[in-house]
Amino acid sequence: MSLSRSPSPRRGGGWSSPGLTSPYDNVSGNASPRKTYGDTQTNGSSSGDNVTWAKAKARSEEVKGYPSFSTRNNGFFSRHARKISTSLPTFRMTGRRDFSDKERLGRGRWAQMGGSRTGRFLTYLGRTAWRLRLRLGIFLAFVLAIILFYVTPMHRAYRRASFLGGGSKFVVILAANQGGGVMEWKGAREWAIERDSVRNKKKYTKKWGYDLEIVDMSTKKRYAHEWRESWEKVDTIRNCMRKYPKAEWFWWLDLNTFIMEPSYPLQKHIFNDLLGNTYRDINVYNPLNISHPFQSPHLDLPARSANGDGHANSIDLIIPQDCGGFNLGSFFIHRSVWTDRLLDIWWDPVGYEQKHMEWEHKEQDAMEHLYINQPWIRPHTAFIPQRKINSFPMGACGENGEDSRIHYSERDRDFVVNMAGCEWGRDCWGEMYNYRELSNKLNRTPWEKFKDGISDRVKTLRGKKEEGTEG
Amino acid sequence: MHFAMPPRKTSQPPPYARASRSSPIRRKQLQFVALIGCTLLLLVYFAIRLFGSSAEKAPPGTPEVVVVTLLDEATMSDEYRARIMENRKYYADKNGYATFFPDVADYDYGNSPRSWAMVPALRHAMTKYPHSTYFFNLSPHSLIMNPKISLTSHVMDKKRLESIMLRDKPVVPPDSVIRTFTHLKGDKVDLVLTQDAEGLCQGSFVLRRGEWAKFFLDTWFDPLYRSYNFQKAEAHALEHVVQWHPTILTKLALVPQTLINSYGVDIASRGGKEVLYKEGEFVVRLVGCELDATRYCEKEFDMYYQQWKSYLNKGTI
């Protein structure tokens with residue numbers, strides 16, 4: 001047998017080359033009769049004379065593991081190792097033990113927590129958990145994934161994606177600075193209103209993955225015909241449609257609005273059941289007394305029917321009505337060919353010239369005019385119960401807020417409040433502040449409710465005590 | 001014994017091997033089944049294509065073009081109206097079109113001039129013939145002189161329309177800043193108009209049925225336009241609408257006037273000799289006869305009526 005290199009002895013005995021017969025079978029100094037792990041496995045029955053490959057390997061492993069040659073019995077650890085190890089608990093390695101000793105209570109073991117009931121319960125729990133570790137692990141991973149989903153912006157991406165949550169199909173257009181600029185200065189209250197309103201919408205759109213477009217509606221000499229000013233709404237909507245080419249629905253919101261329930265997504269609140277949430281037959285609620293539908297026999301069927309063609313996908317404009325007719329403080333408009341045409345003819349100089357003294361609400365009155373006179377408008381226009389998207393506070397449309405079709409109800413958790421007309425004789429900022437605080441109160445988390453409950457109780461108790469002392 | 005290569009696998013299957021499933025007979029059967037399945041799928045597909053869209057498709061026998069002429073019992077004699085109808089009907093019968101003769105009194109146009117009734121009359125025609133494609137609005141004071149001309153191939157065919165439409169032309173002559181589009185596909189056109197030297201002509205035009213047409217007619221008929229006292233009523237309202245609203249302008253094509261709107265009288269301010277009717281042309285219109293107290297529509301009509309009759313008798317047309 002030839003070797004590739006000369007055999008050499010290794011530290012602690014043995015030879016680096018296998019297959020050599022070694023006269024120093026037990027030279028390692030580890031003279032203990034205890035068989036090593038390798039021995040029991042592979043070489044248990046063979047005689048110790050021959051150095052086999054396995055044996056040599058096992059030995060060299062032993063050598064590597066414990067420096068038995070030069071440092072044996074020299075260090076503190078090796079001198080006291082046995083003492084230390086006897087005081088350590090032993091674990092039963094089934095089949096690997098070559099000796100066993102009698103069970104002696106408490107010797108070398110941690111006391112089993114069998115004594116107390118809680119201890120036993122804990123052991124039981126631990127054992128069960130260990131047995132179910134796979135299922136438990138999956139469950140925990142699942143919980144962790146959910147937490148991660150909501151902690152990271154992942155849920156926003158999900159809600160935004162057009163094929164999942166569909167949030168990118170909606171754009172909220174917020175008209176800021178209405179009538180500002182030339183007409184009036186902004187005071188601290190106006191700034192506060194704007195700040196609160198914008199923050200409210202920002203929070204809402206961020207939560208559900210919608211787009212928010214804040215438009216500056218301040219009066220500017222932008223048009224050759226200066227009387228066109230109030231029709232900026234039309235241009236703004238058109239610009240937004242160009243800016244967000246993937247969006248389908250555009251929600252116009254005046255500045256004096258407040259989203260009371262940010263937890264309502266538009267999809268669930270309105271659009272998943274568009275036909276159920278809206279009505280095209282204006283006779284359901286008709287403050288303007290518009291005769292509907294058209295009776296003239298020269299019109300086509302959808303134009304003469306009270307409900308248009310009855311399909312949800314033909315609805316392109318969703319308007320709430322208040323006590324005075326259409327209300328364009330909060331409405332939805334859908335991207336479509338029909339909408340292009342409407343936005344095109346909404347403002348017309350001939351109409352304006354004749355009506356601008358009469359049309360106090362400008363584009364709102366123009367819309368009413370179109371609805372009344374042009375049959376192609378009606379099949380695509382739907383109305384929505386006002387309190388779905390445009391509840392009024394007390395003072396608008398009746399002093400006491402008693403009309404259940406119009407006024408905000410805290411109990412029903414109305415979606416949006418529109419402080420319409422607060423500029424005229426009412427306190428806009430006061431209303432905005434009140435509704436903001438109310439919204440915060442209504443939408444507290446359970447933990448906040450709990451804390452507030454405690455502090456309330458403490459307050460009442462203290463109040464009683466003070467009353468008692470005074471009395 | 002040693003071989004350079006391992007022995008080849010024998011072709012005989014061992015007795016315990018599973019029987020091969022792709023026996024020739026089995027394969028034939030499968031092919032047959034697949035063939036039947038594919039045929040069925042194709043049949044279903046064609047059935048859906050044939051019957052599924054039947055709501056959209058026009059029922060057989062639908063006229064492609066409807067000639068709409070608004071008559072006025074209050075101002076026209078019975079004979080005059082009968083002759084007008086005869087002329088239109090002859091043309092329609094020859095080409096398989098339909099005719100529609102509403103009366104001014106059928107429509108509610110408020111206090112506006114009577115001529116406004118034309119707009120709801122067109123809307124009415126579209127309701128009455130919901131599947132026809134083109135609606136040819138022709139003023140009563142006019143004659144279709146050449147019944148051989150089919151409106152579709154003469155004007156409305158996509159290629160033909162693209163070749164004849166006037167591009168980048170001021171909508172209202174002579175110098176409106178609003179011009180017709182330079183790039184417009186023939187099948188996107190919904191309204192084919194002509195203009196004379198004074199402006200757009202509402203006496204003879206073609207409208208394609210659709211949502212746009214309803215929008216256009218309703219907008220045109222808006223009460224605010226009717227009450228505005230445009231000098232020429234609906235004609236000026238039309239010019240206004242076309243110039244102010246791009247969604248209407250995009251669907252509009254202007255074509256040379258004599259294609260569908262030759263004049264029967266020589267009026268210098270409206271084009272003079274250039275647009276005067278010549279033999280073989282499609283339509284002759286007695287423009288403005290109902291507004292001018294010195295002219296008599298029926299008399300002028302009679303002249304062209306006799307001419308038309310003589311063409312028919314000679315068989316030249």
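Nothing here was measured: the structure is a model prediction, and the numbers come from that model. Only heavy atoms go into these numbers, but all of them, side chains included; no hydrogens, no water, no symmetry mates. So you know, we letter chains A, B, ... as the sequences are listed, proteins then strands, and number each from 1.
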Report yes or no: does B:Thr127 contribute a side-chain atom to a donor-acceptor pair with the main-chain N or O of A:Asp300 at less than 3.5 Å? yes
B:His245, part contacting chain A, at a heavy-atom distance under 4.5 Å: both
Closest non-hydrogen atoms of B:Arg123 and A:Ala303, given as atom of the first, atom of the second and distance, are NH2-CB, 4.2 Å
A quick test of your reading: do over 12 heavy atoms of other residues, nucleotides or ligands sit less than 6.0 Å from NZ of B:Lys158? yes
Winner by heavy-atom pair count (cut-off under 4.5 Å) against chain A, out of B:Ala121, B:Pro223, B:Pro102: B:Pro223
With a sphere of 6.0 Å drawn around NZ of B:Lys232, does it hold more than 12 non-hydrogen atoms of other residues, nucleotides or ligands? yes
Between A:Asn373 and B:Asp222 (side chain of the first, backbone of the second, donor and acceptor by atom type, cut-off under 3.5 Å), is there such a pair? no
Hey, what do you get for CD1 (A:Ile345) to CG (B:Asp218), rounding to the nearest 0.5 Å? 8.5 Å
Looking only at heavy atoms and a cut-off of under 4.5 Å, which of B:Phe215, B:Tyr228, B:Phe221 has the most pairs with chain A? B:Phe215
Results of side-chain hydrogen bond (donor to acceptor under 3.5 Å, both in side chains) for A:Lys243 - residues two or more places apart only: A:Glu213
I need the A:Trp376 CH2 to B:Leu217 CG distance, nearest 0.5 Å. 12.0 Å
Tell me whether B:Asp108 at atom CG has more than 12 heavy atoms from other residues, nucleotides or ligands lying less than 6.0 Å away. no
Counting C-beta onward and ignoring hydrogens, is there a side-chain heavy-atom pair between B:Tyr225 and A:Asp348 closer than 4.5 Å? yes
Could you measure the distance from the CZ atom of A:Arg341 to the NZ atom of B:Lys214? Nearest 0.5 Å is fine. 10.5 Å
Is B:Thr219 close to A:Gln374 at the side-chain level, that is, under 4.5 Å between some pair of heavy atoms? yes
Using 0.5 Å steps for rounding, measure from the CH2 atom of B:Trp244 to the CH2 atom of A:Trp347. 4.5 Å
Positive for ring-ring contact (aromatic ring centres under 6.0 Å, His included) with A:His298, one of B:Tyr107, B:Phe100, B:Tyr109: B:Tyr107
Is A:Gln354 close to chain B through its backbone or its side chain, or both, or neither, when contacts mean heavy atoms under 4.5 Å? side chain
Is chain B contacted by the side chain of A:Leu342, its backbone, both, or neither, given a heavy-atom distance below 4.5 Å? neither
